[in-house]
Structure formats: structure tokens, C-alpha cells
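What follows is one structure encoded as C-alpha cells, with my remarks underneath.
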Amino acid sequence: MGHATSTLAFFTPLSGGSQNANEIDSLYKILLVIALVIFVAVMGALVYALVKFRARKGAVPAQIRGNTRLETGWTAAAALILVALAVVTFTKLSAIQNPPNSGPEGAQLAAGDGGTLLASASRKLPPDGKALNITVIGRQYIWQYVYPGANEPDGLGAPYSYEEMVVPTNTTVSLDIVSSDVVHAWWVPELGGKFQAVPGYHNYTWFKIPKPGVFKGQCAYLCGRAHARMIATVRAVPPAQFEAWLANQKRLIAAANAEAKVARAKLGAQTGAGQVENP
Ligand SMILES: [Cu+2]
């Protein structure tokens, strides 16, 4: 990584967490370099003309009225550049939109883990159809993540976490982004693009993190007074560690529910509002 690369990186999208983010970043850099070359050429010609033909006695530039060859030339050149930009973009698009399969070192998933996942125009699935599905729920002012593993017949009882999402490395993670109140936006820059969480609507994205790490994000859509506190973290850990974490999360939730049940029963057995003790 040279100095020029890091200077360029300051102006370009964050990446490094997932392949789709890397492709967005490299596409941006290619377009930026092409735009910079054109910018320098146009500004160079302008500055040259300004200096060379600035107001002074006797300096009269060539009086050209129409030059068919020149005009056809720059029209064709501009069209060619646009075609090149379109080709580069469409070449990259598939790797940005379509998730790859999980790696062999990734979590062992069943097809459609976490409910039946159906590919659609908006939801892309890996070629083998196996992805770890996590539902991302935006809510004033916290992100909630619901993982596969519902143990109740009605689909409830799935483990969940708040603010920090834990995922296995080398595993394709498919996100189903929703909101339970107002519009929010899920954005962890190093893992890819920004996706809105809109009430009554599903938005999908994915990521696949090769190495353990922590990636920081933030709600990217002004959603109310405490919007700035609506942070998000994605922590990638080896699959075995993820399984252990998920099992522990399930245990903690079950224990808290059992405790709440006891407290509720205690509360219900009491009479008179004034006698309610702190459970
Ligand atoms: Cu927000």
C-alpha cells in the first residue's frame, strides 16, 4: 500500500470486510481515475487557453467557426467513454449483487437456514441456496437482529441480539431488513452498501466476511431525536465460536423469560396497587 493508494482511499468508499464492498470500492476507484484524467485534460486545456490567449496587444487566437472533424471526434470519444463506464459497471455488478456460496470453513448451513429463503428480484441467494438468514429490525433507537433457531411452533423463540450482530466467518449472511416504526438505514460501510429499513417493506443485502473482525456502522437515515445513538456493530467470529455464542444467547433469553414469568406471577398474586414490591 503506497502513499498514493492511501490518499486515494481517503476519498473512496470503505471496504475490506466483504467482497461486495470491495467490488463497490474498486468500481468507484476505476470511475474516479477516468473522471480525474478527463478533469485534468479539460482543465489543462482551459488554463492553457486562458494563459496563452489572455488579453494583451496583438494576441489574437485562431478564429475557428466549426470544425467537423473535431466535433465528431469529441462526440464519439465521449460516447466511447460512456460505453466503457457502462461495461466496467455491468462487469462488476454481478459480484456486488449476487452472493457467493459459503466457504468450506464457514458455518455448516442447511438450505434456507432460518426459514425458507426464496430468491427474488430483490433477494439474491448464493448458487447453492444456503445462507445464514438474519432479520435486521430497525427501531427507534436500536437495531435488533433475529437469528435462525425458532423453537416454538408459531415461529417465535428465535435467538436475538441488540446493537451487536455476531456472525460466523466465511459464511454467506443474507440480511432481511425491516423497520417496526419509522424509516431507518442499515449501513456498515466496510460490508457494503446502505439499505433502508422501511415499515411494511423488506430490503435485502448480504455479506461474507473472510476473517474475524469488528465492523462499525450507524443508522444512516435521520429517524428521530436519538438517531445519533443508533449504532450498529458486526462481529465476525469463527463458526464454532458463533454456534457457542448463539446457544448462550438462547440460554440467556430463556432464563430471562423464566425470571419474568415468576415475577409476573408474583405480581399477579398481590392485591392492591400499593403492595406491589419490586420484583
Ligand atoms: Cu436513524
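Counting starts at 1 for both ligands and their atoms, in listed order. Along the sequence shown, the residues carry numbers beginning at 1. Remember, predicted model here, so these are calculated numbers, not experimental data.
In this pair, Phe242 and Tyr147 present their aromatic rings tilted. The plane angle is within the 30 to 60° band. Note: His202 and Tyr204 have parallel aromatic rings, judged against thresholds of 30 and 60 degrees for the angle between ring planes.
The hydrophobic cluster containing Leu93 also includes Phe90, under a criterion of side-chain heavy atoms closer than 4.5 Å among ILVMFWY residues, counted directly or through chains of members.
The number of heavy-atom neighbours closer than 6.0 Å to CZ of Phe53, taken from other residues, nucleotides and ligands shown, is above 12. Counted within 6.0 Å of OH on Tyr221, heavy atoms from surrounding residues, nucleotides or ligands total 12 or fewer; the atom is thus considered open.
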Checking Val234 against Ile209 for the side chain to side chain contact (heavy atoms under 4.5 Å, CB included) test, could you report, in this order, the C-alpha distance in whole Å, the side-chain angles of both residues, the deciding distance, and whether it holds?
CA-CA 10 Å; Val234 173; Ile209 306 174; 4.0 Å; yes

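Protein nitrogen, oxygen and sulfur atoms, that is N, O or S, within less than 2.8 Å of the Cu ion (ligand 1) amount to 4.
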